[in-house]
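Beneath this line is the structure, given in structure tokens, with notes to follow.
By convention in this document, chain letters (A, B, ...) are assigned in the order of the sequence lines, proteins followed by strands, and residues within each chain are numbered from 1. Being a predicted model, the structure only gives us computed values, none of them experimental.
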Number of protein chains: 2
Amino acid sequence: MHAEETLEYRKPDRKPATREPYTLDRLLDVAVRVFTERGYDGTSFQHLSQASGLSKSSIYHHIESKEQLLRLGLERALEPLMATIGEAEARGGPAIDRLRFLIRRNVEILTDRLPYVTLLLNVHGNTAPERWALEQRRAYNRAVAAVVQEAVDEGSLRADVDAKTTARLVFGMINSVREWYRPERSPGAERLADQVLSLLLDGIRTR
Amino acid sequence: MHAEETLEYRKPDRKPATREPYTLDRLLDVAVRVFTERGYDGTSFQHLSQASGLSKSSIYHHIESKEQLLRLGLERALEPLMATIGEAEARGGPAIDRLRFLIRRNVEILTDRLPYVTLLLNVHGNTAPERWALEQRRAYNRAVAAVVQEAVDEGSLRADVDAKTTARLVFGMINSVREWYRPERSPGAERLADQVLSLLLDGIRTR
DNA sequence: GTCTATATTACGATAGAC
DNA sequence: GTCTATCGTAATATAGAC
């Protein structure tokens, strides 16, 4: 007779967990938060297990692989971001106005989906989903650079710095917001977008 | 009898290597390049072996651990960066001039030590050297934010956006240069610094 | 839906020959 | 200074009980 059998680990009585069962969406939230904190490659299933409270193997009930978790997270960032390109085109009007729209929407999406966009902006291209995301980002960058070029051509933006460099620096500033923005402590998306737009358009100097 | 044994892999004939022996400095250059491409956690000794042409174990002749490579790489970025804080203080004069100096030097160091600074700006804090580097960066950010605050107080910079946000956005734009700058194709450090300073101070809009 | 147990592979690091 | 061979561990992923 073995101790395991006699004790039976109080199995029938045991409440399996006090929390509600995980859905893919809830698990994704947890995983992407850890990905943004530790980086995708720096995150193991053990980290995901600790953060979620699930065992390593239970995570596989919701997903097929770690890469799938990454891909789902990247999609959450890219979907609204890529959509703004079409929305800006549909607006028509002066390029400078469409650029303002793109900048404002970018700040809004960044603050609204902070961990997902942070994940997107930190990928290296080591896996297939990462390479796909980088290609999407390149398409986004090309589209916004084209609008910047239009705004230069229509005389709204300075022509002494080439449009490509301006576009890179402008969206580089915006994207850097991910490194310090905290929803609970930082200004809201609208106010932050106002500040970013104002500094970008008119400069930081007094006049 | 096994094929492996009969062929013997031409071992006696083989020239062990045609290249000159590695020094720690040359190995560090290779390693940091791979770190910036794949991320530190995404880089294995197999990757380092392929990139260097050394066997995995030969790398250990030059270093004691992977973390040591990381630490040495981070030091190469932090050393000149932290030095600029003291240099700016020593200059004295109006805060706006010291800020221009800090921005210009930051762009120069970024382009001059691109892979090292890129490595620094991408660390997550998963290891001891990373946490040390993050603390150094916080000290750097505090110092430049203080100069921005001085420039606001002296009336050189706009006061309608708080100094901390301005500092973060300014250096966020500068640091984003790492994501696209290529020494062989991009403008030189001086010209790029001129463009960055001009856009930051006066804005992207025509006037 | 979650668990324990395990398979398999890749990782960082070491030993010792040349 | 570089190599081959190997160690111990931790990684992703699977099997099967409950």
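- Y60(B) comes within 4.0 angstrom of a base, heavy atoms only.
- Looking at the side chain of K56(B), the nearest of the listed nucleotides dG12(C), dT4(C), dC3(D) is dG12(C).
- Considering only residues two or more places apart in sequence or on other chains, R98(A) meets the salt bridge (Lys or Arg N to Asp or Glu O under 4.0 Å) condition with E150(A).
- The base of dT2(D) is not paired with the side chain of S57(B) by any donor and acceptor separated by under 3.5 Å.
- The salt bridge (Lys or Arg N to Asp or Glu O under 4.0 Å) search around R38(A) returns none, not counting sequence neighbours.
- Checking dG1(D), dT12(D), dT2(C) against the side-chain heavy atoms of P21(A) singles out dT2(C) as nearest.
- Note: Y60(A) and F45(A) have parallel aromatic rings, judged against thresholds of 30 and 60 degrees for the angle between ring planes.
- Within 4.0 Å of S49(A), counting heavy atoms only, lies no atom of the nucleic acid at all.
- Taking every side-chain heavy atom of H61(A) into account, dT2(C) is the closest of dT12(D), dT2(C), dC11(C).
- Using a 4.0 Å heavy-atom cutoff across all strands shown, S52(B) reaches no nucleic acid atom at all.
- Among dT2(D), dT12(D), dT2(C), the nucleotide with an atom closest to any side-chain atom of R19(B) is dT2(D).
- Atoms CD and CG, from E89(A) and L102(A) in turn, are 9.5 Å apart once rounded to the nearest 0.5 Å.
- Closest to the side chain of L54(A), from the set dG1(C), dT12(D), dC3(C), is dC3(C).
- When the nucleotides dT2(C), dA13(D), dG12(C) are ranked by their closest atom to the side chain of F45(B), dG12(C) comes out on top.
- The side chain of Q46(A) has dA11(D) as its nearest neighbour among dC3(D), dA11(D), dC3(C).
- Closest approach to the K66(A) side chain among dC3(D), dT12(D), dA13(C) is made by dT12(D) (side chain taken as heavy atoms from C-beta onward).
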